[in-house]
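Please read the structure below before turning to the comments.
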Amino acid sequence: MQTPYYLIDKSRLLPNMEKIAWLREHSGAKALLALKCFATWSVFDMMSEYMDGTTSSSLFEVKLGREKFPGETHAYSVAWSDHEIDEVLASSDKIIFNTVGQLSRFEEASRNHTRGLRVNPGVSTSGFDLADPARPFSRLGEHDPKNIEPVLDQISGFMFHNNCENADFDRFDAMLNSIEQRFGYLIRQMKWISLGGGIHFTGEGYPLDKLAERLKRFSEQNEVQVYLEPGEAAITKSTTLEVTVLDTLFNGKNLAIVDSSIEAHMLDLLIYRESARMEQSGDQEWMVCGKSCLAGDIFGEFKFPKALQAGDRISIQDAAGYTMVKKNWFNGVKMPAIAIRELDGTERLVRDFTYEDFSAALS
Ligand SMILES: Cc1ncc(COP(=O)(O)O)c(C=O)c1O
Ligand SMILES: NCCCCNCC[C@H](N)C(=O)O
């Protein structure tokens, strides 16, 4: 297969799915895939055996969820437009408004729909200002219980999303306690509560049993159906970005230029100033660089067992989350194709991109 391509390995996706299924069974919570993180629908058939549906951040994600992922479709957006609302309602099971203002604006249009409201508890686990839903002056959800009280009869659920790559169960527990303390009297008047994404419960060593017990207790004490919206947790470590070395040079360090671009194909790493991950090790230090003209288009510095040379293949690890959904046509660099490794080890190409796709994205 011609590089670059994202390779989704079902045998690496499966353990995440099995943990999600275990958690559902032992907590009673439902799990919705957050399409903003991962929307590669060729593996939705498999994922839908372990998950209950999808949640979204736009009309197009709502439509994709309804069309490609069996189960429930939750529609959330920071703000819906007038021209979108009918289609959003037609393609979803629940609509979650970000503010009381949006709920009021679309009150009549959505009257026969199951409706919820995003609530911002003012606490989060994000170490990144950019991704912190509880940052000062955050627009993400209603903050004040007093503003929510007047619209309680119009909604049947809340969505809280305040975790971010949170691998610490005790921190999750403490934040849920604080949510219950501040918003408990409102939560108990609802039928369902989504606790959002950002809980790293499929990670190595995460105390899944404690999470299941906590979610079950939350659900029983408040008499609500709990939803989780895993993005990263659903697909973590399932995918690699397969690239080839095109050139090498020495400029005080060993540099290898590959047929991909961090700016175009793994943008989140650049945004959050994180390094890509490799699996191999050795005593040869190399900086792996992208082929766009951006000076800082660098995947990171890694150790290899031997010196790299043109033609070498490299697998960049953990390349599923916020990658394929964010890839772009910067520099006209060819987008990586998408391939799937089936459980029996066979690989198949499910999407390739051509010059025509590049040209069609512009006019
Ligand atoms: C409302 C909501 N739900 C779920 C997610 C998924 O988060 P993660 O990929 O960290 O699990 C996000 C991330 O932006 C979100 O904003
Ligand atoms: N790896 C660096 C942080 C990534 C942030 N995750 C994506 C966004 C997140 N789900 C959010 O904005 O809440």
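In each ligand, atom 1 is the first atom listed, and ligand 1 is the first ligand listed. The figures here come from the full heavy-atom set of this structure, side chains too, leaving out hydrogens, waters and symmetry mates.
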**Report entry** ligand 1 N/O within reach of Tyr322 N/O, cut-off under 3.5 Å
**Finding:** yes
Report task. Could you tell me the separation between the CD1 atom of Ile314 and the CG atom of Leu308, rounded to the nearest 0.5 Å? Result -> 5.0 Å
Requested in this report: Establish, from distance only, whether the side-chain atoms of Thr240 and Ser315 form a donor-acceptor pair under 3.5 Å.
Outcome: no
Query - Glu232 touching ligand 2 at heavy-atom level, < 4.0 angstrom - result: no
Report summary line: Residue, atom and distance of the protein heavy atom nearest atom 11 (O) of ligand 1 read Gly198 N, 2.8 Å
Query raised in the report: Taking both backbone and side-chain atoms of Glu165, is any N or O found less than 3.5 Å from an N or O belonging to ligand 1?
Result: no
**Report entry** Lys63 with Glu87: basic N within carboxylate O range, under 4.0 Å
**Finding:** yes
Query raised in the report: Can an N or O of Gly231 be found at a distance shorter than 3.5 Å from an N or O of ligand 1?
Result: yes
Query raised in the report: Where is the tightest heavy-atom contact between Ala212 and Ser27, given as atom of each residue plus distance?
Result: O-CB, 3.5 Å
Query raised in the report: Hey, quick one: are Leu33 and Ile20 part of the same hydrophobic cluster, counting side-chain heavy atoms closer than 4.5 Å, chains of contacts allowed?
Result: yes
Query raised in the report: Among protein heavy atoms, which sits nearest to atom 15 (C) of ligand 1, and what does the distance come to when rounded to 0.1 Å?
Result: Lys36 NZ, 3.0 Å
Query raised in the report: So, Thr346 versus Glu342: side-chain donor-acceptor pair below 3.5 Å or not?
Result: no
**Report entry** Numbering as shown, the atoms of ligand 2 that approach Glu274 to under 4.0 Å (heavy-atom distance)
**Finding:** 1 (N), 2 (C)
Requested in this report: Indicate the atoms forming the closest heavy-atom contact of Cys293 with Asn331, along with that distance.
Outcome: N-OD1, 2.8 Å
Report summary line: for atom 13 (O) of ligand 2, nearest protein heavy atom and its distance come out as His161 NE2, 2.7 Å
Query - Taking atom 10 (N) of ligand 2 as the reference point, the nearest protein heavy atom with its distance - result: Tyr322 OH, 3.1 Å
Query - Contact check: Tyr272 vs ligand 2, nitrogen or oxygen atoms, below 3.5 angstrom - result: no
**Report entry** Non-hydrogen atoms of Ser156 and Trp192 that approach each other most closely
**Finding:** OG-NE1, 2.8 Å
Query raised in the report: Is Lys253 salt-bridged to Glu285, cutoff N-O under 4.0 Å?
Result: no
Query - Polar side chain donor-acceptor pair, Tyr322 to Glu232, under 3.5 angstrom - result: no
Query raised in the report: Considering only the protein, which heavy-atom contact is closest to atom 5 (C) of ligand 1, and what is its distance?
Result: His161 CE1, 3.6 Å
Requested in this report: Give yes or no for whether the N/O distance cutoff of 3.5 Å, strictly under, is met between Glu232 and ligand 1.
Outcome: yes
Query raised in the report: What part of Lys36 sits under 4.0 Å from ligand 2 if we count only heavy atoms: the side chain, the backbone, both or neither?
Result: neither
Query - Geometric N/O contact Glu229 with ligand 1, under 3.5 angstrom - result: yes
Query - Proximity winner for atom 12 (O) of ligand 2, if only heavy atoms of Ser57, Ala131, Gly197 are counted - result: Ala131
Query raised in the report: What protein heavy atom sits nearest atom 1 (N) of ligand 2, and how far off is it?
Result: Glu165 OE2, 2.8 Å
Report task. Say whether Ile199, considering both its backbone and side-chain N or O atoms, lies within less than 3.5 Å of an N or O atom on ligand 1. Result -> no
Requested in this report: Going by the side chain to side chain contact (heavy atoms under 4.5 Å, CB included) test, name the single residue among Met190, Lys191, Lys30 that passes it with Gln225.
Outcome: Lys30
Query - Atom indices of ligand 2 within 4.0 angstrom of Phe128 heavy atoms, with elements - result: 2 (C), 3 (C)
